[in-house]
> 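Structure incoming, see below.
The sequence lines fix the lettering, A, B, ..., with proteins before strands; numbering per chain opens at 1. Everything quoted here is computed from the prediction, not taken from an experiment.
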Amino acid sequence: MDKLILIDGNNIIYRAFFAMPPLTNTAGKPTNAVYGFTTMLLRLIEEQKPTHMIVAFDAGKVTFRHEGYQEYKGGREKTPPELSEQFPMLKELLRDLGVPQFEIGSYEADDIIGTISREADEQGRQVLIVSGDKDMLQLASEHTTIALIRKGVTEVEIYGPEQIREKYNLTPEQIIDLKGLMGDASDNIPGVPGVGEKTALKLLHQFGSVEGVLAGTSELKGKMKEKLEAHAEDAVMSKKLATIHREVPLEHTWEDMVFTGLNKDTAGPALAKLEFKSLLERLSLSANGPAGTGAEGDSTPEAELDITIIDEANLDELLTKLPGISALHVETNGDNPHRSEVIGLALSSEERHYFVPISLLKSPAADQLRAWLSDETTPKSGYDLHRADLALHWQGIPFAGAAHDVQLAAYLLDPTEANQNLNDLTAKYGLPHLSADEDVFGKGAKYKIPELEVLGTHVARKSATVLGIVQKQQQELIDTAMKGLFEDLEMPLSRILADMEKQGIAAHKEDLMELGKEFEWQISKLVTEIYEICGTEFNLNSPKQLGEILFVKLGLPVVKKTKTGYSTDAEVLEKLAPYHDVVRLILQYRTIAKLQSTYVEGLLKEISPVTGKVHTFYRQTIAATGRLSSQFPNLQNIPIRLEEGRKIRKVFVPSEPGWSILAADYSQIELRVLAHISDDERLKEAFLQDMDIHTKTAMDVFGVTADQVDSNMRRSAKAVNFGIVYGISDYGLSQNLNITRKEASHFIEQYFEVFQGVRRYMDDIVVEAKKKGYVTTLLERRRYLPEINASNFNLRSFAERTAMNTPIQGTAADIIKLAMVHMDKALFDRQLKSRMLLQVHDELVFEVPADELELMKTLLPEVMEGALKLSVPLKAEVSYGSNWYEAK
DNA sequence: CTCCTCACG
DNA sequence: ACGTACGTGAGGAGA
């Protein structure tokens with residue numbers, strides 16, 4: 001079956017340009033857009049296996065659309081020169097890859113694609129259109145689907161007529177009417193002012209088309225009617241502009257579009273010229289011309305590896321080879337490493353790969369192998385060694401000697417790239433593809449461990465992959481100045497986290513159940529009362545049903561809407577409370593129900609029957625800022641702000657009699673970090689004198705003395721301080737303080753008048769991010785912000801706030817991680833029995849024996865405060881008690 | 001599997 | 001004109 005792919009060249013290269021971090025060849029020429037385009041193209045070829053393909057480009061500046069409307073695409077920002085110069089590079093590359101390309105004077109890529117897809121349609125051929133432009137949806141048909149590129153160039157949504165109906169309840173043809181009514185700012189198509197997507201959809205569902213709407217205005221009234229009548233011509237013209245021209249005079253034949261695979265003779269040299277080494281390797285092409293094997297632009301075939309499945313008979317052979325082994329992979333099932341089982345262990349040396357099934361690994365015959373596994377002087381690389389350590393631990397197999405964790409390194413190299421599994425990394429580093437775990441094991445209920453041969457081969461390929469990545473990552477870490485961060489902070493921390501998690505924190509089950517009974521009783525009382533007042537029973541946990549009761553039955557005013565209906569969140573309910581007594585009760589119900597389901601029932605399920613403790617799992621590779629996250633259960637969001645919830649903390653107790661819970665938290669760490677990196681004199685002054693920072697801010701912003709600061713002024717100052725850390729916007733502050741945007745903006749202005757160093761930092765960091773494409777923390781942790789130069793206001797603003805926030809939040813994360821490493825060493829050096837149990841972003845929790853309490857009360861804050869030397873002091877406040885609640 | 005809501009720093 | 005505060009994880013509802 002023939003399959004034709006039509007690619008909107010201009011659109012994709014644009015998106016690739018803004019989605020990719022800046023990337024240049026050794027001569028300093030930007031190549032990022034070409035690179036992004038090419039990776040997408042190769043993936044398409046691999047996944048779709050097209051028999052025909054073209055890339056269409058816009059030709060020239062003036063198209064037939066300008067004849068009727070000169071302002072078409074007016075007001076658009078000029079194409080950045082860094083992108084312009086990549087067009088010829090891309091066209092040359094496509095030629096060398098053997099991918100046909102089309103452009104024709106005075107028409108746009110859309111029109112070429114529209115014309116070819118019409119012809120293909122008429123001949124019943126299968127077509128896939130690739131673009132980021134929603135307008136393309138008008139071309140969908142029985143045989144034609146559209147792959148809409150969403151985020152960056154990696155995610156696509158596939159649309160056929162069916163999906164368009166589901167999403168908009170429109171036919172593909174009506175997409176044109178939609179744009180006719182709503183216009184398109186980026187193309188300078190006016191549409192009807194005041195009509196956005198929502199209104200346009202409503203009108204089209206009622207009248208069917210632009211013409212239908214204009215003919216039917218008599219059925220409408222008010223502003224809407226006026227607007228439509230006044231702008232009838234605009235609507236008609238906009239529709240015309242949005243219509244893809246499907247009769248372009250093209251002189252082409254079906255044969256001109258044939259694609260039989262990459263041109264092996266020229267593809268290699270072309271990619272080499274652009275210095276796309278990873279793509280060269282991925283395609284196993286050589287820079288000098290035709291390559292030996294498997295270069296169809298298809299996935300690199302799975303490598304032929306020398307794999308030995310180990311049993312008792314050949315175990316000795318493996319043991320002799322151990323000195324040459326540096327990479328391993330521990331295969332486990334399930335997400336929770338405290339509960340999952342180890343299935344097997346793969347080991348890799350440069351020459352050979354081995355797989356040891358779990359049964360053998362646990363047997364006495366494997367003593368020597370296990371000794372090697374637990375030997376900290378034999379360095380081992382792997383993917384997610386932290387998880388492996390835990391899973392092995394619960395099977396009674398100790399692990400030590402983690403040298404290079406490929407997952408952790410990948411996270412440091414790009415912390416925003418979500419969940420980089422080994423498969424993603426093979427693509428990135430041009431290594432042979434792995435089968436997806438899903439294909440080997442099946443998923444969900446169908447999960448099944450395959451036969452030994454298949455299993456061993458799959459897992460051994462993973463350790464082989466690790467082996468292939470380590471050196472490359474080492475070099476990248478050096479190039480990005482993150483080697484120190486990796487070796488001296490993150491790798492040591494990963495072992496410390498594993499220790500904390502194995503240790504767990506004791507939770508008093510009976511007390512928790514007792515608390516649950518209390519909540520149960522309160523819930524049933526509240527529920528009865530609420531049903532009675534409302535005069536009906538319904539599911540209080542359903543926002544949908546609750547909305548129905550509040551806004552329809554009781555007729556309360558609608559404050560806020562969500563995508564799917566009425567909003568009933570706490571903010572809305574607070575506003576509704578004065579109107580009806582039941583609202584307060586609902587708020588109370590929500591509070592208690594949350595405590596009951598998440599914290600009582602949720603925690604009960606997580607208390608290990610084996611240890612009587614809760615063993616969380618810290619994830620070191622999730623948060624883009626460098627923070628940790630906690631799962632199964634999340635122990636970083638145990639209630640504290642409200643007394644009812646805070647009681648939950650009473651169930652967390654020391655695991656040995658006579659011991660105490662000791663906790664210390666950093667005071668205002670983020671604002672202290674800000675004082676340091678902004679070098680703002682007044683902010684530094686405040687911390688050097690150890691003043692209450694919010695009161696001090698209020699004094700300076702309102703120009704009053706300390707005793708003139710009332711609680712309201714302090715509250716405002718506190719909100720401004722928060723806002724500053726988050727990357728302030730007047731809108732955000734106005735929401736938080738419930739004031740007008742203007743007042744908020746005035747506040748911010750006053751703040752910056754006083755704290756000019758902070759203003760300078762905020763300005764500078766954004767400029768720096770725009771220039772470099774990333775921001776860093778004090779310890780050189782990096783976060784890329786590809787959207788910092790986006791033309792879309794929202795995307796750009798978000799990236800700008802992130803640029804302001806990440807160095808602050810991230811440096812604070814660096815500091816507490818340092819403190820953990822130092823503290824671990826301090827405990828070891830002094831041979832103390834005290835144990836580190838939890839980290840909650842700016843707080844560390846320990847359990848300590850009575851005879852170490854006095855020492856720990858001074859040691860802990862000392863180590864935390866001395867973790868990193870800043871231009872202002874760090875401050876840690878320590879407290880202790882017989883449980884976590886008391887340690888406040 | 002997505003949405004809403006809410007717990008934390 | 002645009003429509004947000006930064007970073008997470010979990011539970012329940014309703015498709």
> Now, which nucleotide makes the Watson-Crick or G-U wobble pair with dC2(C), with each of the two distances under 3.5 Å?
none
> Could you work out which one of dC4(B), dG7(C), dC6(B) sits closest to the side chain of Arg627(A)?
dG7(C)
> Whether Lys560(A) and Glu574(A) form a salt bridge (side-chain N of Lys/Arg under 4.0 Å from carboxylate O of Asp/Glu) is what I want to check.
no
> Of the options dG9(B), dA10(C), dC3(B), whose atoms approach the side-chain atoms of Lys563(A) most closely?
dC3(B)
> Using a cut-off of 4.0 Å on non-hydrogen atoms, how would the nucleic acid contact of Asn637(A) be classed: base, sugar-phosphate, or nothing?
base
> When you measure from the side chain of Glu601(A), which nucleotide among dG9(C), dG12(C), dC8(B) comes out closest?
dG12(C)
> Students often get this wrong, so: under 4.0 angstrom with heavy atoms, is Ile622(A) touching a base, only sugar-phosphate, or nothing?
sugar-phosphate
> Ignoring backbone atoms, test whether Asn736(A) places a side-chain nitrogen or oxygen under 4.0 Å from the OP1 or OP2 oxygen of dA5(C).
no
> With a 4.0 Å cutoff (strictly under), does any side-chain N or O of Ser630(A) reach OP1 or OP2 of dG9(C)?
no
> Could you tell me how far apart Glu787(A) (CD) and dG3(C) (C1') are, to the nearest whole angstrom?
16 Å
> If the cut-off is 4.0 Å, is Arg641(A) near the phosphate of dC8(B), judged by side-chain N/O to OP1 or OP2?
yes
> For a quick check of understanding: with a heavy-atom distance under 4.0 Å over all strands, which category does Val725(A) fall into, base, sugar-phosphate or nothing?
nothing
> I want to verify a distance call: between dA10(C), dG9(B), dT5(B), whose nearest atom is closest to the Phe632(A) side chain?
dA10(C)
> Can you name the nearest heavy-atom pair linking Ser716(A) to Phe747(A), along with the distance?
CB-CZ, 3.7 Å
> In terms of side-chain heavy atoms of Asn541(A), which of dG12(C), dA7(B), dC4(B) is nearest?
dG12(C)
> Between Glu644(A) and Lys594(A), does any side-chain N to carboxylate O distance fall below 4.0 Å?
no
> Atom CE of Met762(A) to atom P of dC6(C): distance rounded to whole Å?
13 Å
> Find the distance Asp569(A):CG to dA7(B):P and express it as a whole number of Å.
11 Å
> Please give, in whole Å, the distance from dT8(C) P to Tyr726(A) OH?
13 Å
> Quick check: on DNA chain C, is the nucleotide nearest Thr806(A) upstream (toward 5') of the one nearest Arg741(A), or the reverse? Name the residue that is more 5'.
Arg741(A)
> Can Phe798(A) be classed as stacking with the base of dT4(C), given a centroid separation cut-off of 5.5 Å and a plane angle cut-off of 30°?
no
> Does a side-chain N or O of Ser629(A) approach OP1 or OP2 of dG9(C) to a distance below 4.0 Å, or not?
yes
> Looking for any heavy atom pair under 4.0 Å, which part of the strands does Ser729(A) touch: base, sugar-phosphate only, or nothing?
base
> Which nucleotide sits closest to the side chain of Lys544(A): dA5(C), dC8(B), dA15(C)?
dA15(C)
> So, are Glu606(A) and Arg339(A) salt-bridged, with charged N and O less than 4.0 Å apart?
yes
> I'd like to know if Asp135(A) pairs up with Lys179(A) as an ion pair, taking the criterion as any Lys NZ or Arg NE/NH1/NH2 lying under 4.0 Å from an Asp or Glu carboxylate oxygen.
yes
> Does Arg782(A) reach the main-chain N or O of Tyr774(A) with its side chain, forming a donor-acceptor pair under 3.5 Å?
no
> Expressed as a whole number of Å, how far does the P atom of dC3(B) sit from that of dA5(C)?
16 Å
> Can you tell me how far P in dC2(C) sits from the matching atom in dC6(B), rounded to whole Å?
28 Å
> Taking only side-chain nitrogens and oxygens of Gln839(A), does any of them come within less than 4.0 Å of OP1 or OP2 of dG9(B)?
no
> Examine dT5(B): is either OP1 or OP2 under 4.0 Å from a nitrogen or oxygen in the side chain of Thr568(A)? Give yes or no.
yes
> Whole Å only: how far is the CD atom of Gln809(A) from the C1' atom of dA5(C)?
13 Å
> Within the pair Ser542(A) and dG14(C), is there a side-chain N or O less than 4.0 Å away from OP1 or OP2?
yes
> Hey, does Gly727(A) reach any base, or is it just sugar-phosphate, or nothing, if we go heavy atoms under 4.0 Å?
nothing
> Would Glu749(A) and Arg759(A) pass as an ion pair if we require N to O under 4.0 Å?
yes
> How many whole angstroms separate atom CZ of Arg590(A) from atom P of dC4(B)?
13 Å
> Keeping the roles fixed (side chain from Lys817(A), backbone from Gly626(A)), state whether a donor-acceptor pair exists under 3.5 Å.
yes
> Per the atom types in the model, does the base of dC6(B) pair as donor or acceptor with the side chain of Lys594(A) at under 3.5 Å?
yes
> Any donor-acceptor pair under 3.5 Å between the side chain of Arg619(A) and the base of dT8(C)?
no
> Using a 4.0 Å heavy-atom cut-off across all strands, classify Asp665(A) as base, sugar-phosphate, or nothing.
nothing
> Counting any heavy atom closer than 4.0 Å, what does Glu843(A) reach on the DNA or RNA strands: base, sugar-phosphate only, or nothing?
nothing
> If only side-chain N and O atoms of Ser597(A) are considered, is one of them under 4.0 Å from the OP1 or OP2 phosphate oxygen of dA10(C)?
no
> So, is Asn539(A) close to the dA13(C) phosphate, meaning a side-chain N or O under 4.0 Å from OP1 or OP2?
yes
> Using a 4.0 Å heavy-atom cut-off across all strands, classify Ala570(A) as base, sugar-phosphate, or nothing.
sugar-phosphate
> Whole Å only: how far is the CG atom of Leu603(A) from the C1' atom of dG9(C)?
13 Å
> Please work out if Ile808(A) contacts a base, only the sugar-phosphate, or nothing of the nucleic acid, heavy-atom cut-off 4.0 Å.
nothing
> Taking only side-chain nitrogens and oxygens of Arg801(A), does any of them come within less than 4.0 Å of OP1 or OP2 of dA5(C)?
no
> Indicate, with a heavy-atom threshold strictly under 4.0 Å, whether Leu628(A) touches base, sugar-phosphate, or nothing.
nothing
> When all nucleic acid strands are considered with a 4.0 Å heavy-atom cut-off, which category describes Ala624(A): base, sugar-phosphate, or nothing?
sugar-phosphate
> So Phe551(A) and Tyr566(A), would you call those rings parallel, tilted or perpendicular, with 30° and 60° as cut-offs?
tilted
> Can you check the Tyr599(A) OH to dG11(C) P distance for me, whole Å?
10 Å
> Look at all strands and tell whether Ala719(A) reaches a base, only sugar-phosphate, or nothing, counting heavy atoms closer than 4.0 Å.
base
